[in-house]
K.L.:
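One structure coming up, written as structure tokens, with questions to follow.
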Amino acid sequence: MNTELFGIFASFALMLVIGVPLGKYLAKMFVGEKVWTDFLKPIETGIFKLSGINPNEAMNWKQFLKAMMCINLLWLVYGFFVLMHQDKLPLNPDGNPGMTADLAFNTIISFVVNCNLQHYSGESGASYLVQHCIFMFLQFVSAATGIACAVGLFKAFRDKTTTDIGNFWNYFLKAITRLLLPLSIVVSLILTFNGTPSSYAGKDQFISLQGDTVHVSRGPAAQFIAIKHLGTNGGGWFGANSSHPLENPNYLTNITEIVSQMIIPIAMVLCFGYFIRRKKLGWVIFGVMIIGALLLLIPSISSETAGNPAIAKLGIAQPTGAMEGKEVRIGPTATAFWSTFTTIVSTGSVNGMHDSTMPLTGLWQLLGMMINGFFGGCGVGVLNYFIYLIIAVFISGLMVGRTPEFLGHKVEAREVKIAALITLLSPLLIMAGTAIAAYVFTNHGSADWAVKPSAWLNNPGFHGFSEMLYEMTSANANNGSGFEGLGDNNIFWNVSTGFVMLLGRFLQIIGPVAIAGLLAQKKYIPESAGTLKTDTVTFGLMTFAVILVLNALSYFPALALGPIAEFFSMK
Amino acid sequence: MKSNIVKSIRITLVLTVILCVIYPVAISLAGKLSKGHGDGETILVNGKMVGYANEGQSFTQPKYFWGRPSAVGYNAAGSAGSNKGPSNPDYLKEVSNRIDTLLKYHPYLKRSEIPAEMVTASGSGLDPDISPTAAKIQIERVAKVRSLDVKAVTALVDQHTESPLLGLFGPAKVNVLKLNVALDELKK
């Protein structure tokens, strides 16, 4: 047993030790029962008063989604203009220029939808004002939006028959004041006391031991990095994200950051069970997700620690594993561990470069984002999984020849149609997007864009194809990590991934919430001997099979052209 | 709809004050109490700042311990990995060249003794550390160039080897800048 393995065991244990009780707390807090954070109530009341919001107003699913879409549209419009004109606004000590229209379009969508794709680089592309008042602000509120929508869905199933799915503003604000902000304070303090900068000093300059003049980017990064992980956003303060030694200075901060991106997704799953008074359902979903996560995690670790076979042929030693794109203080084991979790939960922060990982690790990263339902992003993970649940209920219903029911409500044509469309949307966006990109790359290599298509790819052959596939997959999953070798800051990638991110976010939220709202209005059918029980291990396995079959059928051809082909070419 | 817009604008303003002013400024003030005062921890030699403890810098002269290859030449105003794929032929050529350079400066080494991190670029391009093994293979060269006793340099490397977190979690490492600063002082 080596210390790198112990390190990830400890991280994994901590995720569960914090995530499980957090789930219970969230359920109680969102239901409105007494919790220890009730001392914050006066502050929340104040915020509601200042905003002219009545948090007790009941909303049906349409009103709920309207409120959600309205505020998100506001952020999109206002953020777009700030990004384009950041050079004329204050708090820009490094003199960074305003963004081009296509880059601003992509970047603002990316942060509003909790994706953080980042076609700019933090050090030279964004002023402190933008980093704080746009990016960090959106990291809080986009996570809170996802959580609020998930809680709306929970509320729909708590009562037998209801049109009231709770108040969007209430859930939204509480997600910030009772969850994201307090945890961010804790995490940012841990980071800043371990060496991550938190002050407003601009670039520094010094002369190195060898006599080179070195410029150093700094800034209030700790605050940003805390919410970037807690909110499963993933956008880095610095270009190299959490592999940057100021963004992730040592092994303790590495554990802190990986644990903090997992606890809310874990908690939300269990929160579902507690919230609807069906604890067991939460645990069955949790079980399916953890098995799915481990099935992606274990082979990733084994392929990274085995090292790069092409480097092994050069005759040198790879005692800990493949080191290209990785940091010594973190090591290949913890980098592989992180790469799995960051792709299944849609964080998309990286502590090592995914573009340089082994072909099969890349395959598991891609698959994690394609499935996008093993824990998943803040709130939206449960929503994505809910679609799989509905499909599984429907197929089970067909198998036994009964009208399918979910939690006492008949699942009928309308709901199944929505679920089926949402399921088909992801493969459509990912594969059509990649196909168009590959077409442009092959046939219009000299198009006069900021980066010519012929210069897009940093690597030839199968790996180059993987770079394009990864970018579209990451955009659709609202993940935000990348095979960063891709030259993505040009009009094609900015605009195409911008639309993919928008559709991949809002349709994936509207669909499940609409289904839940529709189901909740229907007459409640008490459980009988013939009811399909959804909180059993059997049904868990059924859902797991549905997830596997749907994703294997959808994505195998594309994956075969990219990482799988590269793997066999290296044999 | 109109009432939603007004509510959206108002709550956005209130939250901007809390999340983008109060929260970061409070953490920034708390950060003043940390080791580097929230600016990043620096290393001083005779009162002159020679670098950031957590950020690697370029060491190419034979009298110093070398860090890892960097895709950005240790330019700390930016940061990036090489993003080279594992099967990229140009990349493998580059690694092969790095091995040759390393062998040229360390004629006493066998290929199989070279740890991969010394010929592969780090994720950030600013990796401040190398593994203890990577430091040990350089001892003979450094000692020779500086006409120092191999034992003294070995002791210095051991002294600068940081064990895993609590001795249990994560890899052991050597901070190259700190080691080199100590090496310069050893000579005096």
K.L.:
Side chain, backbone, both or neither: which part of F172(A) has an atom under 4.5 Å from a heavy atom of chain B?
P.N.:
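The side chain, not the backbone.
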
K.L.:
Does E484(A) reach the main-chain N or O of N83(B) with its side chain, forming a donor-acceptor pair under 3.5 Å?
P.N.:
no

K.L.:
Any donor-acceptor pair under 3.5 Å linking the side chain of T3(A) with the backbone of G170(B)?
P.N.:
yes

K.L.:
Among A10(A), S188(A), P309(A), A221(A), which residue forms the greatest number of heavy-atom pairs with chain B at distances under 4.5 Å?
P.N.:
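Option with the top pair count is S188(A).
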
K.L.:
Considering only heavy atoms, which portion of V174(B) lies under 4.5 Å from any heavy atom of chain A: side chain, backbone, both, or neither?
P.N.:
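It is neither, since no heavy atom gets under 4.5 Å.
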
K.L.:
What part of S58(B) lies closer than 4.5 angstrom to a heavy atom of chain A: side chain, backbone, both or neither?
P.N.:
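Backbone plus side chain of S58(B), per the 4.5 Å heavy-atom cut-off to chain A.
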
K.L.:
Does atom NE2 of H106(B) have more than 12 heavy-atom neighbours, drawn from other residues, nucleotides or ligands, at distances under 6.0 Å?
P.N.:
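Correct, the count exceeds 12.
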
K.L.:
Mind checking the CD-CZ spacing from E324(A) to R68(B)? Nearest 0.5 Å is all I need.
P.N.:
7.5 Å

K.L.:
Looking only at heavy atoms, what is the nearest atom pair of I114(B) and I316(A), with distance?
P.N.:
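Looking at all heavy atoms of both residues, the shortest contact is O-CB, 3.5 Å.
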
K.L.:
Side chain from CB out, backbone as N, CA, C, O: work out which of these in A121(B) comes under 4.5 Å of a heavy atom of chain A, or both, or neither.
P.N.:
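Both backbone and side chain.
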
K.L.:
In Å, rounded to the nearest 0.5 Å, how long is the span from CE of M49(B) to CD1 of I207(A)?
P.N.:
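Interatomic distance, M49(B) CE to I207(A) CD1, rounded to 0.5 Å: 10.5 Å.
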
K.L.:
So what's closer than 4.5 Å to chain A heavy atoms on I99(B): side chain, backbone, both or neither?
P.N.:
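Interface part for I99(B): side chain.
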
K.L.:
I need the full list of ring pair (Phe, Tyr, Trp, His ring centres under 6.0 Å) pairs touching residues 113-140 of chain B, with sequence neighbours left out, sorted by first then second residue.
P.N.:
none

K.L.:
Nearest 0.5 Å please: distance from the CE atom of M323(A) over to the CE atom of M118(B).
P.N.:
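Going from the CE atom of M323(A) to the CE atom of M118(B) covers 11.0 Å.
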
K.L.:
What is the ring orientation for Y23(B) with F140(A), classed by angle as parallel under 30°, tilted 30 to 60°, or perpendicular over 60°?
P.N.:
perpendicular

K.L.:
Given heavy-atom pairs under 4.5 angstrom as the criterion, report whether the side chain, backbone, both or neither of L166(B) touches chain A.
P.N.:
neither

K.L.:
Would you mind checking which part of K7(B) comes under 4.5 Å of any heavy atom in chain A, side chain (CB onward), backbone (N, CA, C, O), both or neither?
P.N.:
both

K.L.:
State the CG-CD distance between N250(A) and E162(B), to the nearest 0.5 angstrom.
P.N.:
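N250(A) atom CG to E162(B) atom CD measures 9.0 Å (nearest 0.5 Å).
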
K.L.:
Less than 4.5 Å apart, any side-chain heavy atom of K173(B) and any of Y251(A)?
P.N.:
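No, every pair of side-chain atoms sits at 4.5 Å or beyond.
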
K.L.:
Would you mind checking which part of P171(B) comes under 4.5 Å of any heavy atom in chain A, side chain (CB onward), backbone (N, CA, C, O), both or neither?
P.N.:
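P171(B) touches chain A through backbone and side-chain heavy atoms alike.
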
K.L.:
Of the listed residues (S34(B), S79(B), G56(B)), which shares the most heavy-atom pairs with chain A below a 4.5 Å separation?
P.N.:
S79(B)

K.L.:
Answer with side chain, backbone, both or neither: which region of K32(B) has an atom nearer than 4.5 Å to a non-hydrogen atom of chain A?
P.N.:
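When you check distances to chain A, only side chain atoms of K32(B) fall under 4.5 Å.
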
K.L.:
For a 4.5 angstrom cut-off between non-hydrogen side-chain atoms, does E327(A) reach D129(B)?
P.N.:
no

K.L.:
Select one option (side chain, backbone, both, neither) describing which atoms of I18(B) are under 4.5 Å from chain A's heavy atoms.
P.N.:
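The answer is the side chain of I18(B).
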
K.L.:
Can you tell which of N180(B), N75(B), I130(B) has the highest number of heavy-atom pairs within less than 4.5 Å of chain A?
P.N.:
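Most pairs with chain A among the choices: I130(B).
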
K.L.:
Could you look at T133(B) and say if it's the side chain, the backbone, both or neither that has a heavy atom under 4.5 Å from chain A?
P.N.:
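No part of it gets close to chain A.
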
K.L.:
What part of S184(A) lies closer than 4.5 angstrom to a heavy atom of chain B: side chain, backbone, both or neither?
P.N.:
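It is both, since atoms from each part get that close.
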
K.L.:
Checking H244(A) against chain B: side chain, backbone, both or neither under 4.5 Å from a heavy atom?
P.N.:
both

K.L.:
Counting C-beta onward and ignoring hydrogens, is there a side-chain heavy-atom pair between F135(A) and C20(B) closer than 4.5 Å?
P.N.:
no

K.L.:
Sort L180(A) into side chain, backbone, both or neither according to what part of it lies under 4.5 angstrom from a heavy atom of chain B.
P.N.:
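Neither part.
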
K.L.:
When heavy-atom pairs shorter than 4.5 Å are enumerated against chain B, which of K203(A), Q131(A), E566(A) gives the highest number?
P.N.:
E566(A)

K.L.:
Would T12(B) and W75(A) count as a side chain to side chain contact (heavy atoms under 4.5 Å, CB included) if you check the C-alpha gap in whole Å, the side-chain angles of each, and the deciding distance to 0.1 Å?
P.N.:
CA-CA 8 Å; T12(B) 298; W75(A) 297 329; 3.1 Å; yes

K.L.:
Between the side chains of Y52(B) and D204(A), does any donor sit under 3.5 Å from an acceptor?
P.N.:
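Per modelled atom types, Y52(B) and D204(A) side chains form a pair under 3.5 Å.
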
K.L.:
Under a 4.5 Å heavy-atom cut-off, does chain A meet the side chain of V50(B), its backbone, both or neither?
P.N.:
both

K.L.:
For chain A, which of K110(B), K84(B), H37(B) has the most heavy-atom pairs under 4.5 Å?
P.N.:
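That would be K84(B).
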
K.L.:
Starting at CG of D184(B), measure out to CG of L209(A) and round the result to the nearest 0.5 Å.
P.N.:
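These two atoms lie 5.5 Å from each other.
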
K.L.:
Mind running side chain to side chain donor-acceptor pair (under 3.5 Å) on S28(B) and Q223(A) for me, showing each step along the way?
P.N.:
CA-CA 8 Å; S28(B) 177; Q223(A) 297 91 323; 4.8 Å; no

K.L.:
What closest approach, in Å, do I311(A) and T120(B) show between heavy atoms, and which atom pair accounts for it?
P.N.:
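Distance-wise, the nearest heavy atoms are CD1-CG2, 4.2 Å.
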
K.L.:
Can you confirm whether D212(A) sits close enough to Q57(B) that some side-chain heavy atom of one is under 4.5 Å from a side-chain heavy atom of the other?
P.N.:
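Heavy-atom side-chain distance check fails, nothing below 4.5 Å.
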
K.L.:
Please flag which part of V21(B) lies under 4.5 Å from any non-hydrogen atom of chain A: side chain, backbone, both or neither.
P.N.:
neither

K.L.:
Between S112(B) and A317(A) (side chain of the first, backbone of the second, donor and acceptor by atom type, cut-off under 3.5 Å), is there such a pair?
P.N.:
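Looks like no, no N/O pair under 3.5 Å.
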
K.L.:
Could you check which of F483(A), F224(A), Y200(A) has the highest count of heavy-atom pairs closer than 4.5 Å to chain B?
P.N.:
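Going by pairs under 4.5 Å, I would pick Y200(A).
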
K.L.:
Can you say whether E117(B) sits under 4.5 Å from chain A via the side chain, the backbone, both, or neither, judging by heavy atoms?
P.N.:
both

K.L.:
Counting a contact as any heavy-atom pair under 4.5 Å apart, which residues of residues 85-93 of chain B contact chain A?
P.N.:
G85(B), P86(B), S87(B), N88(B), P89(B), Y91(B), L92(B)

